[in-house]
Amino acid sequence: METVYTQGIWMAERLQQRTMSQENMWQLVTHIGDPKAAFLLVFPFTYFISKRAGVAVLWVAAISEWLNLVFKWMLFGERPYWWIAESRLFINNQPNIHQFSSTCETGPGSPSGHAMVTAAVWWVVVSSLGSYLYSRTHSVMLSAAPYLLYVVMLVAVGISRIFILAHFPHQVIAGSITGFILGIFLSRRVPEGRPLLFFFSLSVGLLLGTVMLHAGLRQLGIDLSWSIALAKKWCSRAEWVRLDSAPFSSLTRDCGALLGLGLAQYWKPGGWPLRLAPRALSLAISSMGLYHVNRLPLPVRPPGLFYGLFFVKFVMVPQVVMVLVPGLVHLVTHRRRND
């Protein structure tokens, strides 16, 4: 693997040298590919266009990110920004590379979570859009356009992750392929109409099962927190190492979102019936609401409190999008029509 890692470092160096003027663009792309964006941006946008597609996006995002966490724990992938120093292969020939505010993620590197979740989630979006366009136009060329954009997005997200030294190229490729397969598989198994007990059991089961796996491996002498120590050691700036990028943050986000999805479907099965204009208004209000929910500062000490509140935060995401905001908009617009 040393050869693969070394070639990845030199590729990242060339990429930075040739495209450093596009740094802001790559930072934006990597934020768009962040798994968190699937919950806070893609989910509400998709839901108010197609309720089933929106539920599928949330479902696929949560399961694919959880699987990415498990894969990372099993594969022990390095990240470029710490491997450069840890390998000691570049002592006499240091690459001219830079870290960024998004570089210092603390989990293992393989496969890329950004690439994997993006590939899985956006497959739901483009396949739904492609099918819709074909049913309306019967044009193969037009219905193929979303799939072309899908490939372009995956390539852009992958390049952005290499550019900021968060991943090696092979990790991005592995994440994209795995996410594509998961997107196809999971989008056909969307849990619509399932009872609340299913989501509660799934959320608690994934949470406790993962914690038990972590504790069991530690008892066997396998420290799954090795990557956090390396991130703190080799990140250029201490404030770039954030608790919300830690493996347990993604776990609590996924489990919280799944429980929230179950609660939302329990409170209002089938969702609120809204016309086009109220749906657009609901999307705007939901987006603003999720923006402020995401910006809520959480105490980082003790970590258990942070993870608990992080879990609650993402339980609220489906409630805001599927129940609270559309319910309020429906109430207001229904009254106006009656008046």
### Task
Check whether any side-chain heavy atom of P273 sits under 4.5 Å from a side-chain heavy atom of H330, and report yes or no.
yes
### Task
State, with a plain yes or no, whether a side-chain heavy atom of V121 is found less than 4.5 Å away from one of W59.
no
### Query
If every non-hydrogen atom of K72 is compared with every non-hydrogen atom of P111, which pair is closest and at what distance?
CE-O, 3.0 Å
### Query
Looking at E192 and K51, does any basic side-chain N land under 4.0 Å from a carboxylate oxygen?
no
### Query
Going through the checks in order, is the side chain to side chain contact (heavy atoms under 4.5 Å, CB included) test met by Q99 and C104?
CA-CA 8 Å; Q99 294 184 18; C104 301; 3.4 Å; yes
### Task
Using the ring of F198 (Phe, Tyr or Trp, six-membered ring only), decide whether R194 places NZ or CZ under 6.0 Å from its centre and within 45 degrees of its axis.
yes
### Message
For the CZ atom of F168 and the CD atom of Q7, what is their distance to the nearest 0.5 Å?
### Response
11.5 Å
### Query
So, T106 side chain and S245 main chain: donor-acceptor pair closer than 3.5 Å or not?
yes
### Query
Looking only at side chains, do T30 and R161 share a donor and an acceptor under 3.5 Å apart?
yes
#### Entry: Heavy-atom neighbours of R136 CZ exceed 12 at 6.0 Å
no
### Query
Is any side-chain heavy atom of V211 closer than 4.5 Å to a side-chain heavy atom of F248?
yes
### Query
Is the shortest heavy-atom distance from the side chain of K313 to the side chain of R253 under 4.5 Å?
no
#### Entry: Heavy-atom side-chain contact between L75 and P108 under 4.5 Å
no
### Query
Run the side chain to side chain contact (heavy atoms under 4.5 Å, CB included) check on F180 and M116 step by step: do they pass?
CA-CA 7 Å; F180 169 68; M116 184 169 160; over 6 Å; no
### W226/W82 aromatic ring centres below 6.0 Å
yes
### Message
Can you give me the closest heavy-atom contact between L243 and S249, atom names plus distance?
### Response
O-OG, 2.5 Å
### Task
Establish, yes or no, whether a centroid distance under 6.0 Å links the rings of W272 and F48.
no
### Message
Just by distance, no angles: are the side chains of Q171 and S110 close enough, under 3.5 Å, to form a donor-acceptor pair?
### Response
no
### Query
Quick one: are L207 and L251 in side-chain contact, heavy atoms under 4.5 Å?
yes
### Query
Using the benzene-type ring in the case of Trp, are the ring centres of Y81 and W234 under 6.0 Å apart?
no
### Message
Please identify which of these residues, L69, L213, L224, meets the side-chain contact (heavy atoms from CB on, under 4.5 Å) condition with M74.
### Response
L213
### Task
Please work out which of the three classes, parallel, tilted or perpendicular, describes the rings of H138 and Y134, given edges at 30° and 60°.
perpendicular
### Message
Quick check: do P302 and L305 have side-chain heavy atoms less than 4.5 Å from each other?
### Response
yes
### Query
Under a 4.5 Å side-chain heavy-atom rule over Ile, Leu, Val, Met, Phe, Trp and Tyr, are L154 and M11 clustered together?
no
#### Entry: G260 backbone acceptor or donor facing Q319 side chain under 3.5 Å
yes
### Query
For P95, does its backbone N or O pair with a side-chain atom of E13 as donor and acceptor, under 3.5 Å?
no
### Query
With distance as the sole test, does T178 use its side chain to make a donor-acceptor pair with the main-chain N or O of G175 at under 3.5 Å?
no
### Message
If you define the side chain from C-beta out and look only at heavy atoms, does anything of F39 sit under 4.5 Å from D254?
### Response
yes
### Query
Does F311 have its ring centroid less than 6.0 Å away from the ring centroid of Y307?
no
### Task
Check W26, F163, W240 against F100 for a ring pair (Phe, Tyr, Trp, His ring centres under 6.0 Å) and give me the one that passes.
F163
### Query
E65 side chain to G113 main-chain N or O, any donor-acceptor pair under 3.5 Å?
no
### Query
Does R279 use its side chain to pair, donor to acceptor, with the backbone of P326 at less than 3.5 Å?
no
### Query
Can you list the steps and then say if V293 with F314 is a side chain to side chain contact (heavy atoms under 4.5 Å, CB included)?
CA-CA 9 Å; V293 167; F314 280 89; over 6 Å; no
### Message
If you apply the rule side chain to side chain contact (heavy atoms under 4.5 Å, CB included), what do you find for L324 with L328, and how did you get there?
### Response
CA-CA 6 Å; L324 298 177; L328 178 62; over 6 Å; no
### Query
In terms of side-chain heavy atoms, does W66 have a donor or acceptor partner in T210 at a distance below 3.5 Å?
yes
### Query
So, Y5 versus W83, ring centres under 6.0 angstrom or not?
yes
### Message
If I take atom CD1 from residue I63 and atom CG from residue L206, how far apart are they, to the nearest 0.5 angstrom?
### Response
5.5 Å
#### Entry: OG on S176 to CE on M153, rounded to 0.5 Å
12.0 Å
#### Entry: Distance in Å, N294 CG paired with L40 CG, rounded so as to fall on 0.5 Å steps
5.0 Å
### Query
Judged by atom type as modelled, is there a donor-acceptor pair below 3.5 Å linking the side chain of T103 to the main-chain atoms of I164?
yes
### Query
Strictly by modelled atom types, are S102 and Q27 linked by a side-chain donor-acceptor pair under 3.5 Å?
yes
### Task
Using a cut-off of 6.0 Å, state whether more than 12 heavy atoms not belonging to E2 lie near its atom CD.
no
### Message
Check whether T118 reaches the backbone of A115 with its side chain - one donor and one acceptor, N or O, closer than 3.5 Å.
### Response
no
### From L261 atom CG to M322 atom CE, the distance as rounded to the nearest 0.5 Å
5.5 Å
### Message
So which atom in A120 and which in L182 form the shortest heavy-atom distance, rounded to 0.1 Å?
### Response
CB-CB, 4.5 Å
### Query
Is it the case that more than 12 heavy atoms not belonging to F90 sit under 6.0 Å from its CZ atom?
yes
### Query
Are Y150 and I49 connected in the hydrophobic side-chain network, where two residues link if heavy atoms are under 4.5 Å apart?
yes
### Message
Can you give me the closest heavy-atom contact between P247 and G107, atom names plus distance?
### Response
CG-CA, 4.0 Å
### Query
Backbone N or O of V4 within a donor-acceptor pair of the H170 side chain at under 3.5 Å?
no
#### Entry: Single-linkage hydrophobic cluster I32~I162, side-chain heavy atoms < 4.5 angstrom
no
### Query
salt bridge (charged side-chain N to carboxylate O under 4.0 Å, His left out) between K233 and E86: does it pass, once the steps are laid out?
CA-CA 10 Å; K233 181 178 180 181; E86 286 289 314; 3.3 Å; yes
### Q94 atom CD, over 12 foreign heavy atoms within 6.0 Å
yes
### Task
Determine whether the aromatic ring centres of W123 and Y147 lie less than 6.0 Å apart.
yes
### Main-chain N/O of C255 paired with S203 side-chain donor or acceptor, under 3.5 Å
yes
### Task
List the atom of V57, the atom of A38, and the distance in Å for their closest heavy-atom pair.
CG1-O, 4.0 Å
### Query
Going from CG on L217 to OG on S225, what distance comes out if it is rounded to the nearest 0.5 angstrom?
11.0 Å
#### Entry: Where P44 and L290 come nearest, the two heavy atoms and their spacing
CG-CD1, 3.9 Å
